[in-house]
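Have a look at the structure below before the remarks.
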Protein chains: 2
Amino acid sequence: MTGRNTADIPASTIERLPQYLRCLLELQSMGVPLVKSDRLAGLCGSNAAQVRKDFSYLGELGTRGIGYEVSALIEHISELLGVKERRRVAIVGYGKLGSALHGYAGFPERGFEVVALFDVDPAKVGCTFDGIRVFHVDEAPRVVNELGIDIAIIATPARVAQLAADAVVEGGVKAILNLAPTRLVVPEEVDVRQVCLSTDLQILSFRIAQQEGSR
Amino acid sequence: MTGRNTADIPASTIERLPQYLRCLLELQSMGVPLVKSDRLAGLCGSNAAQVRKDFSYLGELGTRGIGYEVSALIEHISELLGVKERRRVAIVGYGKLGSALHGYAGFPERGFEVVALFDVDPAKVGCTFDGIRVFHVDEAPRVVNELGIDIAIIATPARVAQLAADAVVEGGVKAILNLAPTRLVVPEEVDVRQVCLSTDLQILSFRIAQQEGSR
DNA sequence: AGGTGTGAATATATTCACAGCT
DNA sequence: AGCTGTGAATATATTCACACCT
């Protein structure tokens, strides 16, 4: 079956596509035109069968006996991830974390453009950083809508993250990346991804404790 | 079967434990002594069956007809995650992101203590921030060992992340949380977790594209 | 020969549904 | 009566192994 419909691509495959894309861009920048599943697997920390299975959901992109054309894979995956045109992003909460994200080189490289910043601090509102204006969070409903912002990154303290989310949702944001360690309640059509570094540390801590205990 | 052995707790359950712990601490701070699976599920964005199944791996912690004692759950989960005593953490790369993490309130609250900072910038090496000293990355093998650091958080640019990892691995770090968008190669016994915000944005972007396409 | 594409087999995770305590 | 604990059923994900194309 040629997996034409994006709806029947497994979630686990989708989660790996950005990783593949990163490795493929690296190969391309090194001038590598063709790649085999086992090589790509090595670069991504995966395995050859997984790679082939994942790509098979995107269509028959490879050539038997040869491998995959790097540029064709990049094309297909970028298309699928919806990052061929730039996605417009806002950062809510312009403290240390927010400003670190604003300067993060990985975003523009991968098709994400920060087009607005939000905070509540009067000392910051109205300023521009690197050409991007800081608006008061109260203006988010209007600004998000006017600038056609798709995704908000929430980098506020946990206790105000829900208010921040409400404001950008009112403006019509379609997805939220939440860096505040709290669960957001949003309408069903808004997609939220939670990033919690403490959670990651705790998972690592578990595995350390497990190793220590087993000795 | 009473799941005494940590080794047979499913990975997916482990990944949810920090989330449960956060909600339980919140309940405790509100003075709630007892919680039922459905209530906790509501707080965590899960469902009651999942909660009960997850907890069943930790032992029989609940009381039928009544629910779970909040303090007992906190005790068990903290124990299991190995965060009852503080875990010693280093931050490698003390730019905006590194310093944002250093100030992140969630770490001390959850048992993680930042005890050393590393960078290569001569302007930073030797300084102390918030009582914590910045060492040169070259000193990491010694310092990590001397301070008994368990976990390193890598917040360097991607191109030097592997060097940073090599240095802390040499010092005997047991786990790495990698915020640089690159895959690290480390010895098998060192556990790495990758956080990549671009990846998260791309996954959100896919789901937006999918919604848009379906209309 | 040397690789992909993919059904079949296996492993893992989630959900259901109800027996078993309190 | 009410809620946990858990086998059984289902769904999802990974891995195997080989037919099939170049």
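Protein chains get the first letters and strands the later ones, always in sequence-line order, with residue 1 at the start of each. All values below come from the heavy atoms of this structure, side chains included, with hydrogens, waters and symmetry mates left out.
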Mind checking the OH-CD1 spacing from Tyr20(A) to Ile77(A)? Nearest 0.5 Å is all I need.
8.5 Å

So, is Tyr68(B) near the phosphate of dG5(D), with a side-chain N or O under 4.0 Å from OP1 or OP2?
yes

Does any residue of residues 19-53 of chain A have a heavy atom under 4.0 Å from DNA chain C, and if so, which ones, in number order?
Lys36(A), Ser37(A), Arg52(A), Lys53(A)

By nearest-nucleotide position on DNA chain D, the 5'-leaning member of Pro10(A) and Gly65(B) is Gly65(B)

How many whole angstroms separate atom CD of Glu60(A) from atom C1' of dC20(D)?
10 Å

OG-CG distance between Ser205(B) and Leu201(B), expressed to the nearest 0.5 angstrom:
8.5 Å

Strictly below 4.0 Å: does Arg16(A) bring a side-chain N or O up to OP1 or OP2 of dT14(D)?
yes

Round to the nearest Å and state the distance from Leu61(B) atom CG to dT6(D) atom P.
10 Å

Answer yes or no: is there an ion pair linking Glu26(A) with Arg159(B), defined by an N-O contact shorter than 4.0 Å?
no

Nearest whole Å is fine: how far is dT4(D) C1' from Leu58(B) CG?
14 Å

Distance, rounded to the nearest Å, where Ile9(A) contributes CD1 and dT14(D) contributes C1'
17 Å

Between Asp54(B) (CG) and dT12(C) (P), how many Å, whole number?
16 Å

Any side-chain N or O of Ser12(A) less than 4.0 Å from the OP1 or OP2 oxygen of dT14(D)?
yes

Any side-chain heavy-atom pair of Ile203(A) and Leu81(B) under 4.5 Å
no

Using atom CZ of Phe55(B) as one end and atom P of dG5(D) as the other, report the distance to the nearest whole Å.
10 Å

Can you tell which of dG3(C), dT6(C), dC3(D) lies closest to the side chain of Arg64(B)?
dC3(D)

Between Gln210(B) and Arg207(B), does any side-chain donor sit less than 3.5 Å from a side-chain acceptor?
no

Would you say the side chains of Arg16(A) and Gln19(A) form a donor-acceptor pair under 3.5 Å?
no

Result for side-chain contact (heavy atoms from CB on, under 4.5 Å) between Ile14(A) and one of Asp54(A), Ile9(A), Thr6(A) points to Ile9(A)

Atom-pair distance (CD1 on Ile66(A); C1' on dT22(D)), nearest Å:
6 Å

Length of the line joining Glu15(B):CD and dT12(C):C1', which is rounded to integer Å:
13 Å

